[in-house]
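Worksheet for the structure shown next.
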Amino acid sequence: MHTEPVRVELAAGSVLFAQGDAGDVAYVVETGEIELVRERADGGEEIVQRLGPGRYFGEPAPLFGL
C-alpha cells in the first residue's frame, strides 16, 4: 500500500509512538531534533539516538519498498 506523505508536528516532550506499537511508516526530521528512546527491562529508559534535520527513522519496509 502506498500513501502520500503526511506532515506531523510535535511539541517538545511529545511522544510520536511507543515501543511495541505497530510500525508501517518512515519519518524524516525536517526541523528540530527527535530522541529515539528504548525501554529497558528494569523499567528505565535509555536514549538510543538523537536525530536532527535530514535524518530518517521508522520501519525499514516503507523505506525500501518491501
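Model, not experiment: these values are computed from the prediction. All values below come from the heavy atoms of this structure, side chains included, with hydrogens, waters and symmetry mates left out. Residue numbers run from 1 in the order of the sequence given.
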Is the shortest heavy-atom distance from the side chain of Phe57 to the side chain of Val48 under 4.5 Å?
no

For [X] and [Y], work out which heavy atoms get closest and say how close.
| X | Y | answer |
| --- | --- | --- |
| Ala18 | Val15 | N-CG1, 4.4 Å |
| Gly32 | Pro53 | O-CD, 3.2 Å |
| Val29 | Gly52 | CB-O, 3.3 Å |
| Tyr56 | Leu51 | O-CD1, 3.9 Å |
| Arg7 | Glu30 | NH1-OE1, 2.7 Å |

If hydrophobic clusters are built by linking Ile, Leu, Val, Met, Phe, Trp and Tyr wherever their side-chain heavy atoms come under 4.5 Å apart, do Leu10 and Val25 end up in the same one?
yes

Are Val28 and Val6 connected in the hydrophobic side-chain network, where two residues link if heavy atoms are under 4.5 Å apart?
no

Once you round to the nearest 0.5 Å, how far does CD of Glu33 lie from CZ of Arg55?
10.5 Å

d(Glu35 CD, Glu46 CD) to nearest 0.5 Å is 12.5 Å

Taking Glu45 for its side chain and Val37 for its backbone only, find out whether a donor-acceptor pair lies under 3.5 Å.
no

Please indicate whether Glu9 has more than 12 foreign heavy atoms, meaning atoms of other residues, nucleotides or ligands, lying under 6.0 Å from its CD.
no

